[in-house]
Amino acid sequence: MEYNFREVEKKWQAYWAKNKTFKPEEKSTKPKYYVLDMFPYPSGAGLHVGHPLGYIASDIFARYKRLKGFNVLHPMGYDSFGLPAEQYAIQTGQHPEITTKTNIARYREQLDKIGFSFDWDREVRTSNPDYYKWTQWIFIQLFNSWYNPETNKAENISTLIEKFKVQSSKFQVGGVEKKYAELSEKEQSDLLLEHRLAYLSDTMVNWCPQLGTVLANEEVKDGVSERGGYPVERKLMKQWSLRITAYADRLLNDLDGIDWTESIKEAQRNWIGKSEGTSLKFKIENSTSEIEVFTTRPDTVFGVSFVTLAPEHDLVSQITTPAQKTAVDEYITFAKNRSERERMADVKKITGVFTGAFVIHPFTGKQIPIWIGDYVLAGYGTGAVMAVPSHDTRDFAFANHFSIDKKIIITPPTEWDFEKNSYDEKEGKLIDSDFLNGLEVKAAIKKVISVIEEKELGKGKTNFRLRDAIFGRQRYWGEPIPVYYENGIPKVLDEKELPLLLPEVDKYLPTETGEPPLARASSSWRKDGKHEYEYSTMPGWAGSSWYFLRYMDAHNEKEFVSKEAANYWQNVDLYIGGAEHATGHLLYVRFWTKFLNDLGLIPVSEPAKKLINQGMIQGVSNFVYRIGTSNKYVSSGLKKDYDTTPLHVDVNIVNNNVLDIEAFKIWREENKNAEFILEDGKYICGSEVEKMSKSKWNVVSPDVIVEQQGADCLRLYEMFLGPLEQSKPWNTSGISGVSNFIRKLWRLYHNGDALNISEEPATKPELKIVHKTIKKIAHDIENFSFNTSVSSFMICVNELTDLKCNKREILEPLAIIIAPYAPHIAEELWNKLGHTEGVSYAKFPEVNESYLVESAFSYPVSFNGKTRFFQEYDLSLTKEQIEKEVMTLEQTQKYLEGKTPKKIIVVHNKIVNIVI
RNA sequence: GCGGAUGUGGCGUAAUGGCAGCCGCGCCAGACUUAGGAUCUGGUGCCGAGAGGCGUGGGGGUUCGAGUCCCUUCAUCCGCACCA
C-alpha cells in the first residue's frame with residue numbers, strides 16, 4: 001500500500017494539538033529563539049498558495065531550532081481591525097466583528113491543514129478588547145510623554161511641566177507673555193499638546209472622500225488610496241498624530257545594527273529622508289517680517305535670483321502687493337483645488353505667480369523677487385526656498401518658464417552648457433561670490449555656514465522628509481482612541497477605565513453632519529455619562545506596532561507584557577513577511593519599540609534582529625479563445641487564423657495548459673454547448689503571469705493541494721519553487737516531482753506494506769550519503785536556502801534507493817533532518833522506527849566529518865582552461881607529484897601536440913590546468 | 001531622476017573564482033501492465049553525421065581559469081520621487 005498522507009497528516013496534527021507540542025517551556029534553561037511571521041489580515045477570500053510561503057519558511061526554521069535545542073517561540077494571530085471588513089459591513093449591515101470571526105475561522109482551518117508548529121495558545125487578535133485594551137494603554141503612555149532632546153529619550157510629560165514651571169520660562173499667548181502657572185487650563189493643554197508624543201493638532205491630511213477617512217502617507221500611492229484606489233485630497237483637519245519625527249534620527253541610525261535586507265533599510269532611509277543644510281533668513285523689503293528658507297546649498301547664496309514660497313505659506317497674504325493680489329488669490333485657489341493626484345501627475349508643468357514683494361539679499365543687499373510656486377512643498381523645511389536657477393534643476397525650470405535672471409556662481413570642472421541645464425553637482429570653484437570666491441564647493445559650504453551663524457542669519461540644521469504619523473481614522477472598525485473632551489480639552493482615560501469598548505452603532509457610515517461613525521453611538525456612550533469621547537479610531541497599523549511583545553505574555557491581564565517575559569524573549573530573532581510593509585508597519589513597530597524601551601518597559605530598542613522578505617507568488621492565468629461572439633473556442637496554437645477574444649478560464653480546470661473540456665462545459669452554464677477546435681486532439685490554453693486574484697480565475701488554494709497531494713508535499717513544493725526572497729509565478733505542474741519524492745522516501749523505509757528496517761551497521765558509502773545531507777541541510781537552513789535543501793533530500797533518497805539501504809543507522813537521522821520540512825511523514829516514520837517521543841524535539845544529528853573525507857579525487861585535466869579528460873589521484877599526492885604524473889600520461893601528450901607547457905597549475909582536490 | 005533587485009536549457013532552478021546546467025517539470029525512447037494523472041530504466045543546453053565547435057542579457061577588463069570579481073551598457077520588476 002502507498003503512503004496514506006491524508007490519514008497520517010490528520011493523525012499528527014491532532015497529536016500536536018492534543019499534546020501542545022509547540023508550547024515553549026516556561027522556565028527553561030535552553031537558549032530562547034523567537035520566530036515570527038507577519039500576522040495576516042483575515043480577508044474574506046481566504047488564503048491562496050502565496051500566503052503560506054513565508055509561514056512555511058519560518059516554520060521550517062522554528063522546527064529546526066527546536067531540534068537544535070532551543071526554546072522556540074513561534075506564535076500566530078490576526079491583524080483583525082481594518083477597512084475591508086468595514087466596507088463589507090457598510091454594504092451588508094453585518095457587524096464587522098461577525099465577518100472577522102468567520103474569516104478568522106476559515107484562516108485557522110486553512111493554516112491547520114498545513115501543519116504549522118504554532119503555539120496557538122498565544123494567539124492574538126488586534127480587534128479583541130483584551131488585546132486593544134493594551135493598544136489603548138500604549139496610546140495613553142504616548143500622550144503622557146514628550147521627547148526630551150537633551151536625554152534623547154521619551155520622558156513623562158511631568159518632567160517637561162517641571163521645566164516650564166521654572167521661573168524664567170515665558171510663553172507667548174495671544175501676544176501676551178505669561179508664565180506657565182499663569183496659563184489657563186486650556187492654554188496649558190494646548191502648549192503641552194505641542195510636545196506630547198500623541199497629540200491633537202490642525203494638520204494637512206490626506207482626505208479620501210470615498211472612504212470617508214484620512215489616510216497616512218504610506219496608505220496613499222500615486223495620489224489615490226492604496227485600498228480601493230480612490231482619489232485623495234489635501235485638507236486641513238484637527239487630527240491625532242504620533243510624533244514619530246522625534247525618533248527620525250534613531251530610526252535612521254539604528255538601521256545599521258539590524259540584519260534586515262538592504263532594500264528595506266534603503267526604503268526606510270529614503271522615507272526618513274535626512275538632509276543636512278542650513279536655515280537662512282531673508283528680510284522682506286519694507287517690512288519687519290523675514291522669510292526663513294532651508295537649503296542644503298548655502299554656498300550658492302550669491303546665485304539667488306528669487307525666493308519661492310509654498311502656496312500655503314503663512315506670509316503669502318501679508319506680503320502680496322495690491323497689484324498682484326488678484327493673480328495670487330487666483331493661483332492659491334488653483335493650487336488648493338488641485339488634487340494630489342493632479343499635482344503629482346504633471347510635475348513637469350510649471351506653475352507659479354509673482355507676489356509683487358521683494359526680500360533683501362542678506363549679503364549683497366540687493367532686491368530679490370518673491371514668487372509663489374507649488375513646486376515648493378508646505379510640509380517640508382520651512383515651506384520656502386531660495387532659488388538658484390543655475391545650480392538647481394527645479395529652480396532652473398521655474399526661472400526659464402517665467403524668464404527670471406540666472407547667475408552662474410560655480411565653475412564646473414568640465415565643460416557645461418548653462419543654457420541647457422543647471423549644474424547641480426557639488427564640485428567646482430565658486431565665482432562672483434564675494435568672500436566665497438575661489439573656494440571649492442565643499443569648503444564654501446563650511447565657510448558660508450560659519451558666516452551665516454556668526455551674523456545670526458540662520459544656522460546649520462537637519463531636516464527630515466518623514467512626517468508625523470496621523471493616527472486618527474474616521475472609521476468604525478478600529479481601536480477607539482481612549483480620549484474624552486472636557487470643556488474642549490482632550491484628556492486621556494485612566495488605565496482602570498480600559499478597554500474603552502467599541503460602541504454599537506446603527507450604521508457604519510459617517511453621520512449626516514459628517515462626523516465619524518462612532519458619533520452614532522447612543523448618548524449614553526459618554527465618559528461619566530457626560531463627556532464626549534473621541535470619535536476617531538486608530539489606524540490599521542496600531543495593533544501591529546507592538547503585537548510581537550504580546551505574544552510573549554498573551555494572557556497577562558495586568559500588563560501589556562510582563563518584565564519577566566520581555567526580559568526572557570527580548571525581541572524577534574527571525575521575522576518573515578512581505579516587503580510591502582517597508583515604510584509602514586516596519587517603521588511604526590520600530591518606533592513603538594523604541595518608545596516602550598525609553599520608558600523602561602521593555603529591554604530592547606529594535607523589534608527584530610533579522611528580517612527576511614519572502615517574494616510574491618504570482619498567478620499564472622489561463623485563457624481560452626472564443627471566436628467572435630460565437631460559442632466556439634479555438635485552441636491556442638490555431639488562434640491566429642480566427643478573430644478571437646481571450647477569456648480567463650479557471651486554472652483549476654486546466655492541466656499543463658490543456659483544458660479539461662468536460663469540466664469547462666459545467667464550469668459555467670453558458671458553456672454547456674460550447675464547441676472546440678482542437679490541436680492534436682487537445683484544447684491548449686494560453687497563459688500569462690498576473691497577480692493572483694479571484695477576478696483573473698488564477699487563484700490556487702492551498703486546501704486543494706493539501707487535499708490532493710498532502711501538506712508535506714505543499715510545504716516541500718513551495719520551498720522547491722526557488723529562493724524564498726524571489727518573486728515567482730505559481731505553477732502546480734511541477735508538484736508531481738515532489739509528490740513522487742515523498743512516496744520514494746516512504747518506500748525507503750518499507751517493503752510493500754510492512755516496515756522494513758535493518759539493524760545492520762551502515763557501510764561507509766551509506767554514511768557518507770547521509771552525513772553529506774545532514775551537513776547540507778543544516779547549512780541551507782541557516783542560510784535560508786530552503787529550495788536547495790529539497791533538492792538535497794531528493795539526491796539523498798535517490799542515492800539510498802540505489803544502494804537499497806534500509807539501515808536504522810541511516811534512516812533515523814534522515815527522518816530527523818527532514819522533519820522541519822515534511823513534519824507529518826517524519827513523525828510517522830519516527831514513530832514506526834519505535835520512538836514514543838515525537839520527532840519535534842529529537843536531536844538534530846551531528847555531522848561526522850570523517851565520513852566525508854575522500855582518499856582520492858578525479859581531477860579534471862584541462863588545457864588552457866578547457867577540460868579534456870579526467871585522471872584520479874590519491875589526495876595524499878603533492879602538487880609536484882601530480883604535475884609529474886600528469887605529464888607522463890599518453891592523453892596529456894596527445895593534447896600537448898608536441899608543445900612544451902608554459903605552466904602547469906595544480907589545485908589540490910580541484911583541477912589540473914596545463915597552459916600551452 | 002534616485003535607490004533596490006533580477007537576467008543561466010522549452011520551464012522552475014543549481015553551481016566556497018576550478019568539469020556550467022545539480023534537483024525537478026516537460027519532452028523522447030524503452031520495460032512492466034487489467035491502458036494509467038501508477039511504477040521502473042535510459043536519454044534530453046544549442047549547432048554538427050562526426051571530430052568538434054558554441055554557450056550564463058551585450059561589450060570590455062582582472063586571472064592559468066569568470067555565471068561568480070571589476071568597469072560599462074541594455075532589458076525587466078519593485079520602492080521612492082518637485083524633499084530645496
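Throughout, protein chains are lettered first and strands after them, A, B, ... in sequence-line order, and every chain is numbered starting at 1.
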Test item: A:Tyr331 side-chain N/O and A:Thr351 main-chain N/O as donor-acceptor pair under 3.5 Å: yes

Integer-rounded Å distance: B:G18 P and A:Lys879 NZ: 15 Å

Under 4.0 Å, counting only non-hydrogen atoms across every strand here, what does A:Val907 touch: a base, just sugar-phosphate, or nothing? base

Report the nucleotide, chosen from B:G18, B:C25, B:A84, that has the shortest atom-to-atom distance to any side-chain atom of A:Ser733. B:C25

Candidate nucleotides B:C22, B:A84, B:C64, ranked by approach to the side chain of A:Tyr380 - the nearest: B:A84

Residues, nucleotides or ligands: over 12 heavy atoms within 6.0 Å of A:Gln891 CD: yes

Write down the distance between CD (A:Glu872) and P (B:C19), rounded to a whole number of angstrom. 17 Å

Whole-angstrom distance between B:G9 and B:U56, as gauged at atom C1': 10 Å

Of the listed B:G4, B:A81, B:G18, the closest approach to the A:Trp271 side chain comes from B:A81

Of A:Arg297 and A:Asn864, the one whose nearest nucleotide on RNA chain B sits closer to the 5' end is A:Asn864

When the C1' atoms of B:C54 and B:C2 are compared, how many Å lie between them, rounded to an integer? 40 Å

For B:G61, decide between syn and anti, treating a glycosidic angle within 90° of 0 as syn. anti

Applying a 4.0 Å non-hydrogen cut-off, can you work out what A:Ile905 is touching in the nucleic acid: base, sugar-phosphate, or nothing? base

Quick one: which of B:C23, B:U13, B:C82 gets closest to the side chain of A:Gln726? B:U13

Between B:G24, B:A84, B:G65, which one does the side chain of A:Asn913 approach most closely? B:G65

At 4.0 Å (heavy atoms only), tell me whether A:Phe870 reaches a base, stays on the sugar-phosphate, or touches nothing. base

When we call it a touch if two heavy atoms are under 4.0 Å apart, what does A:Pro723 touch: a base, just sugar-phosphate, or nothing? sugar-phosphate

If you measure from the Lys or Arg side-chain nitrogens to the Asp or Glu carboxylate oxygens, is any gap between A:Asp256 and A:Arg269 under 4.0 Å? yes

If I pick the P atom on B:U68 and the same atom on B:U44, what distance separates them, to the nearest angstrom? 27 Å

Round to the nearest Å and state the distance from A:Ile264 atom CD1 to B:G3 atom P. 18 Å

Reckon A:Ser736 touches a base, only the sugar-phosphate, or nothing at all at heavy-atom distances under 4.0 Å? sugar-phosphate

Which residue lies toward the 5' end of RNA chain B, A:Met386 or A:Lys776, if each is placed at its nearest nucleotide? A:Lys776

Which residue pairs pass the ring pair (Phe, Tyr, Trp, His ring centres under 6.0 Å) test with at least one member in residues 377-396 of chain A, sequence neighbours excluded? A:His391-A:Phe418

B:G10 versus B:G79 - spacing of their C1' atoms, nearest Å: 33 Å

Establish, with yes or no, whether the OP1 or OP2 oxygen of B:A84 is under 4.0 angstrom from a side-chain nitrogen or oxygen of A:Ser275. yes

For the P atoms, the ones on B:U41 and on B:G50, what distance do you get once it is rounded to whole angstrom? 28 Å

Looking only at B:C64, B:U13, B:C23, the nucleotide nearest the A:Lys903 side chain is B:C64

At under 4.0 Å between heavy atoms, what does A:Phe793 touch on the DNA or RNA strands: base, sugar-phosphate, or nothing? nothing

Is there any protein nitrogen or oxygen under 3.5 Å from a nitrogen or oxygen in nucleotides 40-43 of chain B, and what are the pairs?
| unit_1 | atom_1 | unit_2 | atom_2 | d |
| --- | --- | --- | --- | --- |
| B:C40 | OP1 | A:Arg747 | NH1 | 3.3 |

Angle between ring planes, A:Trp746 versus A:His750, binned at 30° and 60°: parallel, tilted or perpendicular? parallel

Within the 4.0 Å heavy-atom criterion, would you say A:Glu262 contacts the bases, only the backbone, or no part of the nucleic acid? nothing

Whole-Å distance between B:G12 C1' and A:Ile617 CD1? 11 Å

Under 4.0 Å between any heavy atoms, over every strand shown, what does A:Val376 touch: base, sugar-phosphate, or nothing? Just pick one. base

When all nucleic acid strands are considered with a 4.0 Å heavy-atom cut-off, which category describes A:Arg743: base, sugar-phosphate, or nothing? sugar-phosphate

Nearest-Å distance once atom C1' is located in both B:U39 and B:G52: 39 Å

Just checking A:Asn463: base, sugar-phosphate only, or nothing, at a heavy-atom cut-off of under 4.0 Å? nothing

Would you indicate what A:Gly737 reaches in the nucleic acid, counting non-hydrogen atoms under 4.0 angstrom: base, sugar-phosphate, or nothing? sugar-phosphate

To the nearest angstrom, the CG-C1' distance between A:Leu724 and B:A5 comes to 15 Å

Minimum-distance nucleotide to A:Thr788 side chain [options: B:C23, B:C19, B:A15]: B:A15

Between A:Phe720 and A:Tyr717, how do the two ring planes meet: parallel, tilted or perpendicular, split at 30° and 60°? tilted

Return the orientation label for the A:Trp541 and A:Tyr588 ring planes: parallel under 30°, perpendicular over 60°, tilted otherwise. parallel

The nucleotide from B:U39, B:A81, B:G24 with an atom nearest the side chain of A:Arg465 is B:A81

Tell me which nucleotide among B:C19, B:C64, B:C23 gets nearest to the side chain of A:Ile911. B:C19

Please list every donor-acceptor pair under 3.5 Å in which a side-chain atom of residues 296-306 of chain A meets a protein atom from a residue at least two apart or in another chain.
| unit_1 | atom_1 | unit_2 | atom_2 | d |
| --- | --- | --- | --- | --- |
| A:Arg297 | NE | A:Asp299 | OD1 | 3.1 |
| A:Arg297 | NE | A:Asp299 | OD2 | 3.4 |
| A:Arg297 | NH1 | A:Asp424 | O | 3.0 |
| A:Arg297 | NH2 | A:Asp299 | OD2 | 3.0 |
| A:Thr300 | OG1 | A:Arg297 | O | 2.7 |
| A:Ser305 | OG | A:Asp405 | O | 2.9 |

Rounded to the Å, how far apart are A:Phe720 CZ and B:U13 P? 11 Å

Consider only side-chain N and O atoms of A:Asn913 and A:Lys903, and report whether a donor and an acceptor are under 3.5 Å apart. no

To the side chain of A:Asp374, which of B:C82, B:C64, B:C22 is closest? B:C82

Hey, are A:Asn463 and A:Ser275 close enough side-chain-wise for a donor-acceptor pair under 3.5 Å? no

I need the CZ-P distance between A:Phe464 and B:C80, as an integer number of Å. 20 Å

Aromatic ring pairing A:Phe857/A:Tyr859, orientation class (parallel under 30°, perpendicular over 60°, tilted between): perpendicular

If you measure from the P atom in B:G42 to the same atom in B:G37, how many Å do you get, rounded? 24 Å

Distance, rounded to the nearest Å, where A:Phe294 contributes CZ and B:C82 contributes P: 16 Å

Using the C1' atom as the point on both nucleotides, what is the distance between B:G57 and B:A5, in whole Å? 16 Å

